[in-house]
Q: 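Attaching a single structure in structure tokens format; questions to follow.
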Amino acid sequence: MYVCLCNAISDKTVREAVRRYQPKSIQQLRHFVPVGKQCGKCIRAVREIMDEEMQHP
Ligand code: FES
């Protein structure tokens with residue numbers, strides 16, 4: 001499933017990036033996957049995935 005339609009980034013891609021790079025914030029995550037750089041609508045969903053991964057890695 002795509003979380004970020006603007007950049008065609010899937011939830012799986014976000015999850016893998018969070019696991020691999022352990023970003024502390026969306027800003028850090030953006031160094032690895034370009035989420036939220038256009039319309040910004042995906043930020044909320046991306047944050048939820050990050051929270052989930054940090055709680056249940
Ligand atoms: Fe992610 Fe638009 S859906 S920037």
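The model shown is predicted, which means the values in this text are computed figures rather than measured ones. For ligands, and for the atoms within them, numbers begin at 1 and follow the listed sequence.
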Q: If you group Ile, Leu, Val, Met, Phe, Trp and Tyr by side-chain heavy-atom gaps below 4.5 Å, do Tyr2 and Val46 land in one group?
A: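 Each belongs to a different hydrophobic cluster.
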Q: Are Val14 and Leu5 connected, step by step, through hydrophobic side chains (Ile, Leu, Val, Met, Phe, Trp, Tyr) whose heavy atoms are closer than 4.5 Å?
A: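 Result: no, two separate clusters.
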Q: Rounded to the nearest 0.5 Å, how far does CZ of Arg19 lie from CE of Met50?
A: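 Rounded to the nearest 0.5 Å, the CE-CZ separation comes to 13.5 Å.
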Q: Measuring from atom 2 (Fe) of ligand 1, count protein N/O/S atoms under 2.8 Å, please.
A: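 For atom 2 (Fe) of ligand 1, the figure is 2.
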Q: Any donor and acceptor pair, going by atom type alone, linking the side chain of Glu53 with main-chain N or O of Ile49 inside 3.5 Å?
A: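 Checked: no pair found.
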Q: Does a side-chain heavy-atom distance below 4.5 Å link Gln22 with Met54?
A: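 No, their side chains stay 4.5 Å or more apart.
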Q: Distance-only criterion, 3.5 Å: show the donor-acceptor pairs between side-chain atoms of residues 30-39 and protein atoms not counting sequence neighbours.
A:
{"from": "Arg30", "atom 1": "NE", "to": "Val35", "atom 2": "O", "distance (Å)": "3.0"}
{"from": "Arg30", "atom 1": "NH2", "to": "Gly36", "atom 2": "O", "distance (Å)": "3.3"}
{"from": "Gln38", "atom 1": "NE2", "to": "Asn7", "atom 2": "OD1", "distance (Å)": "3.2"}

